[in-house]
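As C-alpha coordinates, the structure follows; a few thoughts come after it.
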Protein chains: 2
Amino acid sequence: MSYCDTCLVRNSAICAALDSNEIEALNSIGRRRHLEPGESLVWEGDQSVLVANVIEGMLKLTTGTEDGREQIVGVVYPADFIGRPFGATTSHSITALTSAHVCVFGRADFDRFAAEHPALEHKLLTRTLEELDRTRKWMLLLSRKTAEEKVATFLLEMAERLANTACEHSDGKNSAGHFELPFTRQQIGDILGLTIETVSRQMTQLRRDGIIDLPTRREVTIRDHGALEAIAG
Amino acid sequence: MSYCDTCLVRNSAICAALDSNEIEALNSIGRRRHLEPGESLVWEGDQSVLVANVIEGMLKLTTGTEDGREQIVGVVYPADFIGRPFGATTSHSITALTSAHVCVFGRADFDRFAAEHPALEHKLLTRTLEELDRTRKWMLLLSRKTAEEKVATFLLEMAERLANTACEHSDGKNSAGHFELPFTRQQIGDILGLTIETVSRQMTQLRRDGIIDLPTRREVTIRDHGALEAIAG
DNA sequence: CGCTCTGTTGAGAAGACTCAATGCCTGTGG
DNA sequence: CCACAGGCATTGAGTCTTCTCAACAGAGCG
(Lines give C-alpha, C1' and ligand atoms only; values in the text may rest on other atoms or scores of the structure.)
Protein backbone atom coordinates (compact mmCIF):
# COMPACT_ATOMS: atom_id res chain seq x y z
CA MET A 1 0.00 0.00 0.00
CA SER A 2 1.49 3.25 -1.15
CA TYR A 3 1.46 6.48 0.79
CA CYS A 4 0.57 8.14 -2.48
CA ASP A 5 -2.94 6.67 -2.52
CA THR A 6 -3.95 8.98 0.28
CA CYS A 7 -1.70 11.87 -0.71
CA LEU A 8 -3.45 15.22 -0.60
CA VAL A 9 -1.45 16.61 -3.48
CA ARG A 10 -1.34 13.47 -5.62
CA ASN A 11 -3.07 15.22 -8.52
CA SER A 12 -1.50 18.64 -8.32
CA ALA A 13 2.15 17.94 -7.47
CA ILE A 14 4.59 16.91 -10.20
CA CYS A 15 3.49 13.33 -9.47
CA ALA A 16 0.41 14.06 -11.57
CA ALA A 17 2.59 13.43 -14.61
CA LEU A 18 2.94 9.76 -13.63
CA ASP A 19 0.66 6.75 -13.97
CA SER A 20 -0.05 4.44 -11.06
CA ASN A 21 2.85 2.07 -11.77
CA GLU A 22 5.28 4.93 -11.99
CA ILE A 23 3.88 6.48 -8.82
CA GLU A 24 4.51 3.19 -7.07
CA ALA A 25 8.12 3.23 -8.24
CA LEU A 26 8.61 6.82 -7.10
CA ASN A 27 6.97 6.03 -3.80
CA SER A 28 9.50 3.29 -3.18
CA ILE A 29 12.37 5.80 -3.17
CA GLY A 30 10.57 8.48 -1.13
CA ARG A 31 9.54 8.83 2.46
CA ARG A 32 7.33 11.17 4.42
CA ARG A 33 8.73 13.59 6.86
CA HIS A 34 7.24 16.01 9.32
CA LEU A 35 8.72 19.43 10.09
CA GLU A 36 8.00 21.64 13.08
CA PRO A 37 7.65 25.38 12.52
CA GLY A 38 11.14 26.82 12.32
CA GLU A 39 12.74 23.49 11.51
CA SER A 40 14.97 23.45 8.42
CA LEU A 41 15.13 20.78 5.77
CA VAL A 42 18.25 22.02 3.98
CA TRP A 43 20.77 24.79 4.61
CA GLU A 44 22.21 27.29 2.18
CA GLY A 45 25.47 26.08 0.69
CA ASP A 46 24.88 22.45 1.67
CA GLN A 47 25.52 19.62 -0.68
CA SER A 48 22.22 19.06 -2.44
CA VAL A 49 21.34 15.65 -0.98
CA LEU A 50 17.57 15.75 -1.03
CA VAL A 51 14.54 17.11 -2.85
CA ALA A 52 10.89 16.93 -1.86
CA ASN A 53 7.25 17.59 -2.60
CA VAL A 54 5.34 19.74 -0.14
CA ILE A 55 2.25 17.90 1.04
CA GLU A 56 1.01 20.21 3.74
CA GLY A 57 2.10 23.51 5.28
CA MET A 58 4.23 26.42 4.15
CA LEU A 59 7.99 26.71 3.91
CA LYS A 60 10.32 29.59 3.18
CA LEU A 61 13.39 29.64 0.97
CA THR A 62 16.00 32.00 2.34
CA THR A 63 19.45 33.25 1.58
CA GLY A 64 21.56 35.63 3.61
CA THR A 65 24.78 37.57 3.90
CA GLU A 66 27.58 36.60 6.27
CA ASP A 67 26.64 39.35 8.67
CA GLY A 68 23.17 38.02 9.20
CA ARG A 69 20.94 39.95 6.83
CA GLU A 70 18.33 37.55 5.51
CA GLN A 71 16.14 37.60 2.43
CA ILE A 72 13.24 35.27 1.74
CA VAL A 73 13.63 34.29 -1.92
CA GLY A 74 10.50 32.22 -2.11
CA VAL A 75 7.58 30.78 -0.20
CA VAL A 76 6.27 27.35 -1.10
CA TYR A 77 2.83 25.85 -0.60
CA PRO A 78 1.36 22.34 -0.81
CA ALA A 79 2.04 20.59 -4.15
CA ASP A 80 5.17 22.68 -4.75
CA PHE A 81 8.49 21.01 -5.40
CA ILE A 82 11.53 21.97 -3.33
CA GLY A 83 15.24 21.31 -3.41
CA ARG A 84 17.82 21.43 -6.16
CA PRO A 85 17.86 18.44 -8.51
CA PHE A 86 20.69 18.04 -11.02
CA GLY A 87 23.10 20.23 -9.10
CA ALA A 88 25.80 19.94 -6.52
CA THR A 89 24.81 22.55 -3.95
CA THR A 90 21.77 24.31 -2.61
CA SER A 91 21.65 28.06 -3.01
CA HIS A 92 19.13 28.67 -0.24
CA SER A 93 17.91 27.29 3.07
CA ILE A 94 14.47 25.69 3.31
CA THR A 95 12.67 26.20 6.60
CA ALA A 96 9.14 25.36 7.72
CA LEU A 97 6.96 28.37 8.53
CA THR A 98 4.11 26.22 9.79
CA SER A 99 3.93 22.62 10.82
CA ALA A 100 4.60 20.84 7.54
CA HIS A 101 4.60 17.47 5.83
CA VAL A 102 6.90 16.77 2.94
CA CYS A 103 7.63 13.78 0.74
CA VAL A 104 11.41 13.48 0.62
CA PHE A 105 13.63 11.86 -2.00
CA GLY A 106 17.38 11.37 -2.06
CA ARG A 107 18.59 13.66 -4.79
CA ALA A 108 20.61 11.02 -6.60
CA ASP A 109 17.63 8.65 -6.57
CA PHE A 110 15.33 11.36 -7.80
CA ASP A 111 17.71 12.48 -10.55
CA ARG A 112 17.94 8.92 -11.81
CA PHE A 113 14.18 8.46 -11.67
CA ALA A 114 13.54 11.75 -13.45
CA ALA A 115 15.99 10.90 -16.24
CA GLU A 116 13.89 7.82 -16.97
CA HIS A 117 10.57 9.66 -16.90
CA PRO A 118 10.49 12.57 -19.37
CA ALA A 119 6.90 13.44 -18.42
CA LEU A 120 8.07 14.14 -14.87
CA GLU A 121 10.95 16.25 -16.12
CA HIS A 122 8.60 18.17 -18.34
CA LYS A 123 6.34 18.97 -15.41
CA LEU A 124 9.36 20.01 -13.38
CA LEU A 125 10.52 22.24 -16.24
CA THR A 126 7.21 24.08 -16.58
CA ARG A 127 7.11 24.62 -12.82
CA THR A 128 10.65 25.91 -12.75
CA LEU A 129 9.87 28.31 -15.59
CA GLU A 130 6.84 29.61 -13.70
CA GLU A 131 8.90 30.02 -10.55
CA LEU A 132 11.51 31.95 -12.52
CA ASP A 133 8.80 34.29 -13.86
CA ARG A 134 7.50 34.91 -10.34
CA THR A 135 11.00 35.48 -9.00
CA ARG A 136 11.85 38.00 -11.71
CA LYS A 137 8.63 39.88 -11.07
CA TRP A 138 9.61 40.03 -7.41
CA MET A 139 12.99 41.55 -8.32
CA LEU A 140 11.22 44.63 -9.65
CA LEU A 141 9.38 44.98 -6.36
CA LEU A 142 12.52 44.58 -4.29
CA SER A 143 14.62 47.05 -6.20
CA ARG A 144 12.27 49.69 -7.48
CA LYS A 145 9.16 49.89 -5.34
CA THR A 146 8.72 52.07 -2.26
CA ALA A 147 7.84 50.63 1.14
CA GLU A 148 4.21 51.66 0.64
CA GLU A 149 4.03 49.97 -2.76
CA LYS A 150 5.72 46.86 -1.43
CA VAL A 151 3.27 46.40 1.44
CA ALA A 152 0.26 47.07 -0.82
CA THR A 153 1.53 44.57 -3.39
CA PHE A 154 2.13 42.02 -0.68
CA LEU A 155 -1.36 42.36 0.79
CA LEU A 156 -2.97 41.99 -2.63
CA GLU A 157 -0.94 38.89 -3.37
CA MET A 158 -1.78 37.32 -0.01
CA ALA A 159 -5.47 38.07 -0.52
CA GLU A 160 -5.36 36.35 -3.88
CA ARG A 161 -3.37 33.35 -2.68
CA LEU A 162 -5.52 32.82 0.37
CA ALA A 163 -8.80 33.37 -1.47
CA ASN A 164 -7.98 30.23 -3.46
CA THR A 165 -7.27 28.10 -0.45
CA ALA A 166 -10.42 29.45 1.20
CA CYS A 167 -12.52 27.65 -1.38
CA GLU A 168 -10.86 24.36 -0.51
CA HIS A 169 -11.02 24.59 3.24
CA SER A 170 -14.20 26.63 3.53
CA ASP A 171 -13.27 27.62 7.03
CA GLY A 172 -14.75 31.05 6.45
CA LYS A 173 -11.56 32.79 7.57
CA ASN A 174 -10.35 33.79 4.15
CA SER A 175 -12.94 35.44 1.95
CA ALA A 176 -12.35 37.93 -0.85
CA GLY A 177 -11.52 40.89 1.33
CA HIS A 178 -10.53 39.24 4.57
CA PHE A 179 -7.78 36.82 5.46
CA GLU A 180 -5.49 35.64 8.19
CA LEU A 181 -1.84 36.47 7.66
CA PRO A 182 0.36 33.40 7.84
CA PHE A 183 3.47 35.51 8.50
CA THR A 184 4.94 37.48 11.36
CA ARG A 185 5.88 41.11 10.70
CA GLN A 186 9.51 40.02 10.66
CA GLN A 187 8.80 37.50 7.93
CA ILE A 188 6.88 40.06 5.90
CA GLY A 189 9.91 42.31 6.24
CA ASP A 190 12.19 39.51 5.04
CA ILE A 191 9.96 38.93 2.03
CA LEU A 192 9.72 42.59 1.07
CA GLY A 193 13.27 43.62 1.92
CA LEU A 194 12.11 45.99 4.67
CA THR A 195 12.59 46.24 8.40
CA ILE A 196 9.87 45.16 10.78
CA GLU A 197 9.27 48.78 11.83
CA THR A 198 8.75 49.98 8.28
CA VAL A 199 6.26 47.17 7.60
CA SER A 200 4.39 48.07 10.75
CA ARG A 201 4.31 51.77 9.90
CA GLN A 202 3.04 51.17 6.38
CA MET A 203 0.29 48.86 7.62
CA THR A 204 -0.78 51.44 10.19
CA GLN A 205 -0.81 54.13 7.52
CA LEU A 206 -3.01 52.04 5.23
CA ARG A 207 -5.37 51.45 8.16
CA ARG A 208 -5.49 55.19 8.97
CA ASP A 209 -6.31 55.90 5.32
CA GLY A 210 -9.24 53.51 5.59
CA ILE A 211 -7.89 51.26 2.84
CA ILE A 212 -7.44 48.22 5.05
CA ASP A 213 -8.50 47.18 8.52
CA LEU A 214 -6.47 45.21 11.06
CA PRO A 215 -8.93 43.64 13.50
CA THR A 216 -6.12 41.66 15.14
CA ARG A 217 -2.39 41.46 14.45
CA ARG A 218 -2.80 38.49 12.22
CA GLU A 219 -6.00 39.46 10.42
CA VAL A 220 -6.36 41.78 7.47
CA THR A 221 -9.51 43.16 5.85
CA ILE A 222 -9.23 44.94 2.52
CA ARG A 223 -11.80 47.74 2.56
CA ASP A 224 -10.83 49.44 -0.69
CA HIS A 225 -9.36 46.99 -3.15
CA GLY A 226 -9.08 49.55 -5.94
CA ALA A 227 -7.15 52.00 -3.82
CA LEU A 228 -4.78 49.25 -2.74
CA GLU A 229 -4.14 48.33 -6.36
CA ALA A 230 -3.54 51.96 -7.24
CA ILE A 231 -0.94 52.17 -4.49
CA ALA A 232 0.69 48.85 -5.42
CA GLY A 233 1.55 50.38 -8.82
CA MET B 1 23.74 22.61 -45.57
CA SER B 2 22.71 23.57 -42.09
CA TYR B 3 23.51 26.85 -40.44
CA CYS B 4 24.32 24.80 -37.37
CA ASP B 5 27.52 23.39 -38.90
CA THR B 6 29.17 26.74 -38.55
CA CYS B 7 27.37 27.81 -35.39
CA LEU B 8 29.69 29.29 -32.79
CA VAL B 9 27.68 27.94 -29.90
CA ARG B 10 26.82 24.55 -31.39
CA ASN B 11 28.52 22.72 -28.54
CA SER B 12 27.59 24.91 -25.63
CA ALA B 13 23.98 25.90 -26.30
CA ILE B 14 21.15 23.51 -25.51
CA CYS B 15 21.68 22.10 -29.00
CA ALA B 16 24.62 20.18 -27.56
CA ALA B 17 22.07 17.67 -26.28
CA LEU B 18 21.20 16.68 -29.84
CA ASP B 19 22.88 14.45 -32.40
CA SER B 20 23.46 15.60 -35.97
CA ASN B 21 20.14 14.28 -37.32
CA GLU B 22 18.23 16.00 -34.56
CA ILE B 23 20.17 19.21 -35.09
CA GLU B 24 19.17 19.09 -38.71
CA ALA B 25 15.50 18.78 -37.72
CA LEU B 26 15.76 21.65 -35.25
CA ASN B 27 17.58 23.74 -37.83
CA SER B 28 14.68 23.32 -40.21
CA ILE B 29 12.30 25.11 -37.85
CA GLY B 30 14.72 27.88 -36.85
CA ARG B 31 16.15 30.89 -38.58
CA ARG B 32 18.91 33.35 -37.88
CA ARG B 33 18.18 36.91 -37.00
CA HIS B 34 20.30 39.94 -36.39
CA LEU B 35 19.54 42.58 -33.79
CA GLU B 36 20.92 46.09 -33.60
CA PRO B 37 21.87 47.48 -30.17
CA GLY B 38 18.67 48.68 -28.52
CA GLU B 39 16.44 46.56 -30.74
CA SER B 40 13.93 44.35 -28.91
CA LEU B 41 13.06 40.77 -29.73
CA VAL B 42 10.04 40.46 -27.43
CA TRP B 43 8.11 42.84 -25.18
CA GLU B 44 6.91 42.35 -21.63
CA GLY B 45 3.35 41.05 -21.57
CA ASP B 46 3.40 39.90 -25.20
CA GLN B 47 2.04 36.59 -26.27
CA SER B 48 5.00 34.24 -26.14
CA VAL B 49 5.42 33.57 -29.85
CA LEU B 50 9.12 32.90 -30.11
CA VAL B 51 12.15 31.55 -28.30
CA ALA B 52 15.80 31.64 -29.32
CA ASN B 53 19.39 30.73 -28.71
CA VAL B 54 21.88 33.54 -28.41
CA ILE B 55 24.71 33.05 -30.87
CA GLU B 56 26.60 36.28 -30.49
CA GLY B 57 26.25 39.44 -28.43
CA MET B 58 24.55 40.35 -25.18
CA LEU B 59 20.89 40.98 -24.43
CA LYS B 60 19.05 42.26 -21.40
CA LEU B 61 15.84 40.97 -19.89
CA THR B 62 13.83 43.80 -18.36
CA THR B 63 10.60 44.42 -16.58
CA GLY B 64 9.16 47.71 -15.43
CA THR B 65 6.39 49.54 -13.61
CA GLU B 66 3.72 51.52 -15.41
CA ASP B 67 5.36 54.78 -14.46
CA GLY B 68 8.58 53.93 -16.22
CA ARG B 69 10.88 52.53 -13.57
CA GLU B 70 12.85 49.72 -15.15
CA GLN B 71 14.70 46.76 -13.70
CA ILE B 72 17.06 44.47 -15.57
CA VAL B 73 16.13 40.97 -14.41
CA GLY B 74 18.80 39.17 -16.36
CA VAL B 75 21.60 39.52 -18.87
CA VAL B 76 22.20 36.78 -21.40
CA TYR B 77 25.35 35.83 -23.27
CA PRO B 78 26.17 33.60 -26.25
CA ALA B 79 24.85 30.03 -25.89
CA ASP B 80 22.11 31.14 -23.49
CA PHE B 81 18.50 30.33 -24.23
CA ILE B 82 15.90 33.10 -24.24
CA GLY B 83 12.15 33.33 -24.38
CA ARG B 84 9.38 31.54 -22.58
CA PRO B 85 8.58 28.04 -23.84
CA PHE B 86 5.49 26.22 -22.55
CA GLY B 87 3.70 29.38 -21.49
CA ALA B 88 1.26 31.89 -22.87
CA THR B 89 2.93 35.21 -22.14
CA THR B 90 6.35 36.70 -21.65
CA SER B 91 7.08 38.27 -18.28
CA HIS B 92 9.92 40.47 -19.50
CA SER B 93 11.20 42.31 -22.54
CA ILE B 94 14.32 41.11 -24.35
CA THR B 95 16.51 43.81 -25.86
CA ALA B 96 19.91 43.69 -27.49
CA LEU B 97 22.66 45.53 -25.61
CA THR B 98 25.20 44.98 -28.35
CA SER B 99 24.85 43.99 -31.95
CA ALA B 100 23.56 40.42 -31.65
CA HIS B 101 22.82 37.28 -33.57
CA VAL B 102 20.16 34.89 -32.38
CA CYS B 103 18.70 31.64 -33.68
CA VAL B 104 14.93 32.05 -33.49
CA PHE B 105 12.21 29.40 -33.25
CA GLY B 106 8.46 29.76 -33.27
CA ARG B 107 7.40 28.86 -29.76
CA ALA B 108 4.78 26.33 -30.84
CA ASP B 109 7.31 24.62 -33.14
CA PHE B 110 9.90 24.58 -30.42
CA ASP B 111 7.49 23.26 -27.78
CA ARG B 112 6.53 20.41 -30.09
CA PHE B 113 10.14 19.63 -30.91
CA ALA B 114 11.16 19.71 -27.27
CA ALA B 115 8.35 17.37 -26.27
CA GLU B 116 9.79 14.80 -28.66
CA HIS B 117 13.38 15.22 -27.47
CA PRO B 118 13.73 14.60 -23.74
CA ALA B 119 17.46 15.24 -23.84
CA LEU B 120 16.80 18.78 -25.03
CA GLU B 121 14.22 19.32 -22.32
CA HIS B 122 16.64 18.03 -19.74
CA LYS B 123 19.28 20.50 -20.83
CA LEU B 124 16.71 23.26 -20.74
CA LEU B 125 15.67 22.19 -17.25
CA THR B 126 19.19 22.27 -15.84
CA ARG B 127 19.76 25.69 -17.40
CA THR B 128 16.52 27.02 -16.01
CA LEU B 129 17.42 25.74 -12.55
CA GLU B 130 20.80 27.46 -12.76
CA GLU B 131 19.16 30.67 -13.89
CA LEU B 132 16.76 30.46 -10.96
CA ASP B 133 19.69 30.06 -8.55
CA ARG B 134 21.42 33.10 -10.01
CA THR B 135 18.22 35.13 -9.92
CA ARG B 136 17.56 34.30 -6.27
CA LYS B 137 21.10 35.21 -5.34
CA TRP B 138 20.55 38.53 -7.07
CA MET B 139 17.42 39.16 -4.98
CA LEU B 140 19.56 39.29 -1.86
CA LEU B 141 21.75 41.89 -3.49
CA LEU B 142 18.84 44.02 -4.62
CA SER B 143 17.04 44.05 -1.33
CA ARG B 144 19.69 43.89 1.34
CA LYS B 145 22.98 45.20 0.06
CA THR B 146 24.16 48.79 0.21
CA ALA B 147 25.14 50.74 -2.90
CA GLU B 148 28.83 50.13 -2.14
CA GLU B 149 28.30 46.39 -1.78
CA LYS B 150 26.22 46.27 -4.93
CA VAL B 151 28.84 47.95 -7.07
CA ALA B 152 31.64 45.83 -5.63
CA THR B 153 29.65 42.64 -6.24
CA PHE B 154 28.88 43.74 -9.77
CA LEU B 155 32.52 44.48 -10.61
CA LEU B 156 33.64 41.12 -9.28
CA GLU B 157 30.99 39.33 -11.29
CA MET B 158 31.89 41.18 -14.47
CA ALA B 159 35.56 40.42 -13.95
CA GLU B 160 34.77 36.75 -13.60
CA ARG B 161 32.39 36.63 -16.57
CA LEU B 162 34.74 38.49 -18.84
CA ALA B 163 37.82 36.62 -17.72
CA ASN B 164 36.23 33.51 -19.21
CA THR B 165 35.50 35.09 -22.54
CA ALA B 166 39.00 36.54 -22.60
CA CYS B 167 40.41 33.04 -22.96
CA GLU B 168 38.30 32.44 -26.04
CA HIS B 169 38.90 35.66 -27.84
CA SER B 170 42.40 36.35 -26.58
CA ASP B 171 42.09 39.96 -27.53
CA GLY B 172 44.07 40.96 -24.50
CA LYS B 173 41.43 43.37 -23.32
CA ASN B 174 40.05 41.24 -20.54
CA SER B 175 42.65 39.74 -18.25
CA ALA B 176 42.23 38.75 -14.63
CA GLY B 177 42.20 42.23 -13.20
CA HIS B 178 41.31 44.32 -16.21
CA PHE B 179 38.26 44.39 -18.43
CA GLU B 180 36.11 46.53 -20.62
CA LEU B 181 32.64 47.22 -19.26
CA PRO B 182 29.94 46.25 -21.73
CA PHE B 183 27.37 48.47 -19.98
CA THR B 184 26.63 52.15 -19.67
CA ARG B 185 26.30 53.60 -16.16
CA GLN B 186 22.56 53.71 -16.70
CA GLN B 187 22.48 50.00 -17.44
CA ILE B 188 24.61 49.22 -14.41
CA GLY B 189 22.09 51.22 -12.38
CA ASP B 190 19.21 49.23 -13.87
CA ILE B 191 20.96 45.99 -13.00
CA LEU B 192 21.79 46.98 -9.43
CA GLY B 193 18.60 48.88 -8.66
CA LEU B 194 20.49 52.16 -8.22
CA THR B 195 20.47 55.54 -9.93
CA ILE B 196 23.17 56.49 -12.38
CA GLU B 197 24.57 59.06 -9.94
CA THR B 198 24.91 56.58 -7.12
CA VAL B 199 26.73 54.12 -9.38
CA SER B 200 29.10 56.84 -10.47
CA ARG B 201 29.78 58.00 -6.91
CA GLN B 202 30.51 54.48 -5.69
CA MET B 203 32.88 53.82 -8.58
CA THR B 204 34.71 57.05 -7.90
CA GLN B 205 34.96 56.19 -4.22
CA LEU B 206 36.45 52.78 -4.99
CA ARG B 207 38.97 54.48 -7.26
CA ARG B 208 39.88 57.01 -4.58
CA ASP B 209 40.42 54.16 -2.12
CA GLY B 210 42.86 52.60 -4.61
CA ILE B 211 40.81 49.43 -4.90
CA ILE B 212 40.03 49.84 -8.58
CA ASP B 213 41.24 52.03 -11.40
CA LEU B 214 39.20 53.56 -14.19
CA PRO B 215 41.56 54.34 -17.08
CA THR B 216 38.62 55.27 -19.31
CA ARG B 217 34.87 55.31 -18.73
CA ARG B 218 34.47 51.85 -20.10
CA GLU B 219 37.55 50.23 -18.64
CA VAL B 220 38.03 48.85 -15.17
CA THR B 221 41.17 47.56 -13.47
CA ILE B 222 40.86 45.72 -10.21
CA ARG B 223 43.89 46.65 -8.11
CA ASP B 224 42.92 44.97 -4.85
CA HIS B 225 40.76 41.95 -5.46
CA GLY B 226 40.66 40.95 -1.80
CA ALA B 227 39.48 44.35 -0.66
CA LEU B 228 36.76 44.33 -3.30
CA GLU B 229 35.57 40.94 -2.10
CA ALA B 230 35.56 42.16 1.48
CA ILE B 231 33.38 45.08 0.49
CA ALA B 232 31.06 42.94 -1.64
CA GLY B 233 30.15 41.04 1.55
C1' DC C 1 -0.05 38.33 37.92
C1' DG C 2 4.04 38.89 35.81
C1' DC C 3 6.87 37.11 31.85
C1' DT C 4 7.91 36.80 27.15
C1' DC C 5 7.22 37.44 22.50
C1' DT C 6 5.47 40.27 18.93
C1' DG C 7 4.09 44.46 17.26
C1' DT C 8 3.70 49.62 17.48
C1' DT C 9 5.34 54.21 17.90
C1' DG C 10 8.79 57.98 18.16
C1' DA C 11 13.19 60.56 17.40
C1' DG C 12 17.28 60.94 15.08
C1' DA C 13 20.79 59.33 11.68
C1' DA C 14 22.22 57.55 7.41
C1' DG C 15 21.86 56.27 2.90
C1' DA C 16 20.18 56.96 -1.61
C1' DC C 17 17.53 59.94 -4.60
C1' DT C 18 16.45 64.30 -7.13
C1' DC C 19 17.67 68.25 -9.38
C1' DA C 20 21.11 71.00 -11.37
C1' DA C 21 25.61 72.28 -13.04
C1' DT C 22 29.78 70.93 -15.11
C1' DG C 23 33.15 68.00 -17.55
C1' DC C 24 34.66 64.82 -21.01
C1' DC C 25 34.50 62.04 -25.22
C1' DT C 26 32.99 61.27 -30.12
C1' DG C 27 31.52 62.28 -34.28
C1' DT C 28 30.04 65.77 -37.70
C1' DG C 29 30.24 69.63 -40.49
C1' DG C 30 32.31 73.90 -41.58
C1' DC D 1 41.94 70.82 -38.57
C1' DC D 2 39.00 72.94 -35.47
C1' DA D 3 34.54 74.11 -33.45
C1' DC D 4 30.61 72.51 -31.66
C1' DA D 5 26.70 69.59 -30.58
C1' DG D 6 24.92 65.66 -28.20
C1' DG D 7 25.45 61.88 -25.32
C1' DC D 8 27.41 59.98 -21.29
C1' DA D 9 29.55 60.59 -16.88
C1' DT D 10 30.85 63.09 -12.74
C1' DT D 11 30.18 66.11 -8.95
C1' DG D 12 27.61 68.95 -5.60
C1' DA D 13 23.68 70.49 -2.61
C1' DG D 14 19.57 69.55 -0.55
C1' DT D 15 15.62 66.42 0.36
C1' DC D 16 13.24 62.32 1.38
C1' DT D 17 12.81 57.64 2.57
C1' DT D 18 14.08 54.07 5.22
C1' DC D 19 16.88 52.33 8.90
C1' DT D 20 18.53 52.27 13.69
C1' DC D 21 17.95 52.54 18.37
C1' DA D 22 14.92 52.83 22.10
C1' DA D 23 10.75 52.85 24.68
C1' DC D 24 6.31 51.10 25.20
C1' DA D 25 1.88 48.35 24.47
C1' DG D 26 -0.82 44.19 23.96
C1' DA D 27 -1.61 39.23 23.53
C1' DG D 28 -0.72 34.61 25.09
C1' DC D 29 0.84 31.55 28.76
C1' DG D 30 2.51 29.50 32.84
Side-chain angles (χ1 to χ4, degrees), chain A residues 36-38 64-65 67-71 97-98 140-155 158 180-209 212-220 231 233, chain B residues 36-38 65 67-71 97-98 140-155 158 180-209 212-220 231-233:
Chain A
E36 292 296 324
T65 56
D67 60 334
R69 284 170 286 178
E70 180 176 297
Q71 175 64 40
L97 290 171
T98 62
L140 179 68
L141 174 138
L142 287 175
S143 65
R144 295 297 187 189
K145 290 197 176 182
T146 63
E148 187 183 33
E149 292 171 318
K150 284 180 180 181
V151 171
T153 306
F154 171 79
L155 290 174
M158 287 315 299
E180 193 174 332
L181 270 181
F183 302 108
T184 66
R185 294 288 186 272
Q186 181 61 62
Q187 284 163 351
I188 298 172
D190 288 341
I191 290 171
L192 297 175
L194 296 171
T195 57
I196 185 171
E197 296 96 328
T198 302
V199 173
S200 182
R201 274 187 257 269
Q202 295 301 330
M203 301 267 271
T204 307
Q205 191 57 47
L206 288 172
R207 184 171 53 68
R208 283 210 195 99
D209 295 345
I212 62 169
D213 199 13
L214 304 166
T216 71
R217 303 175 152 194
R218 285 300 186 106
E219 283 177 287
V220 179
I231 291 169
Chain B
E36 292 298 322
T65 56
D67 60 335
R69 283 170 285 178
E70 180 175 298
Q71 176 64 40
L97 290 171
T98 62
L140 178 68
L141 173 138
L142 287 176
S143 65
R144 297 296 187 189
K145 291 197 175 181
T146 63
E148 187 182 34
E149 291 171 319
K150 284 180 179 182
V151 171
T153 306
F154 171 80
L155 291 174
M158 288 315 300
E180 193 174 334
L181 269 181
F183 302 108
T184 65
R185 295 287 187 272
Q186 181 62 61
Q187 285 162 350
I188 298 172
D190 288 340
I191 291 171
L192 298 176
L194 296 171
T195 57
I196 186 172
E197 296 95 329
T198 303
V199 172
S200 182
R201 275 187 257 270
Q202 295 302 330
M203 301 267 272
T204 308
Q205 190 57 49
L206 288 171
R207 184 173 52 70
R208 282 210 195 99
D209 295 346
I212 62 170
D213 199 10
L214 303 166
T216 72
R217 304 175 151 195
R218 286 299 187 107
E219 283 177 287
V220 179
I231 290 169

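First the proteins, then the strands, lettered A, B, ... as listed; each starts at 1. Only this structure's heavy atoms are used, side chains among them; waters, hydrogens and symmetry mates stay out.
Nucleotide C/dG15 holds its P atom 18 Å from the CG atom of B/Leu192, rounded to whole Å. Put simply, CG on A/Leu206 is 12 Å from P on C/dT8, counting in whole angstrom units. The CE-P distance, from B/Met203 to D/dC8, rounds to 16 Å in whole Å. Taking atom CZ of residue B/Phe183 and atom P of nucleotide D/dA9, one finds them 13 Å apart after rounding to whole Å. In this structure, B/Asp190 atom CG and D/dA9 atom C1' are separated by 15 Å, rounded to whole Å. For B/Arg218 and D/dA9, the CZ to P distance is 6 Å, given to the nearest whole Å. Between the CD atom of B/Gln205 and the P atom of D/dT11 there is a distance of 10 Å, given to the nearest Å. A straight line from CD of B/Gln186 to P of C/dC17 spans 11 Å, rounded to a whole angstrom.
Here the side chains of A/Gln205 and A/Val151 are not in contact, with every heavy-atom distance at 4.5 Å or above. Side-chain contact between B/Met158 and B/Phe154 is present, with heavy atoms from C-beta onward closer than 4.5 Å.
Between the NZ atom of A/Lys150 and the CD1 atom of A/Ile231 there is a distance of 16.0 Å, given to the nearest 0.5 Å. A/Asp213 contributes atom CG, which lies 11.5 Å from atom CG of A/Leu206 (distance to the nearest 0.5 angstrom). Note that CE of B/Met203 is 5.5 Å distant from CG of B/Leu155, once rounded to the nearest 0.5 Å.
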(message) Return a single string for nucleotides 16-25 of chain D, one symbol per nucleotide in 5' to 3' order, where B is base contact, S is sugar-phosphate-only contact and - is none, cutoff 4.0 angstrom on heavy atoms.
(response) --SSBB---B

Output side-chain donor-acceptor pairs under 3.5 Å for residues 181-199 of chain B, partner residues at least two apart or in another chain, one line each.
residue, atom, partner, partner atom, Å
B/Thr184, OG1, B/Gln186, N, 3.4
B/Thr184, OG1, B/Gln187, N, 3.1
B/Arg185, NH1, B/Arg217, O, 3.3
B/Arg185, NH2, B/Arg217, O, 3.3
B/Gln186, NE2, B/Asp190, OD1, 3.3
B/Gln187, OE1, B/Thr184, N, 3.0
B/Asp190, OD1, A/Arg144, NH2, 3.3
B/Thr195, OG1, B/Thr198, N, 3.4
B/Thr195, OG1, B/Thr198, OG1, 3.0

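Of the side-chain N and O atoms in A/Ser200, none sit less than 4.0 angstrom from OP1 or OP2 of C/dT9.
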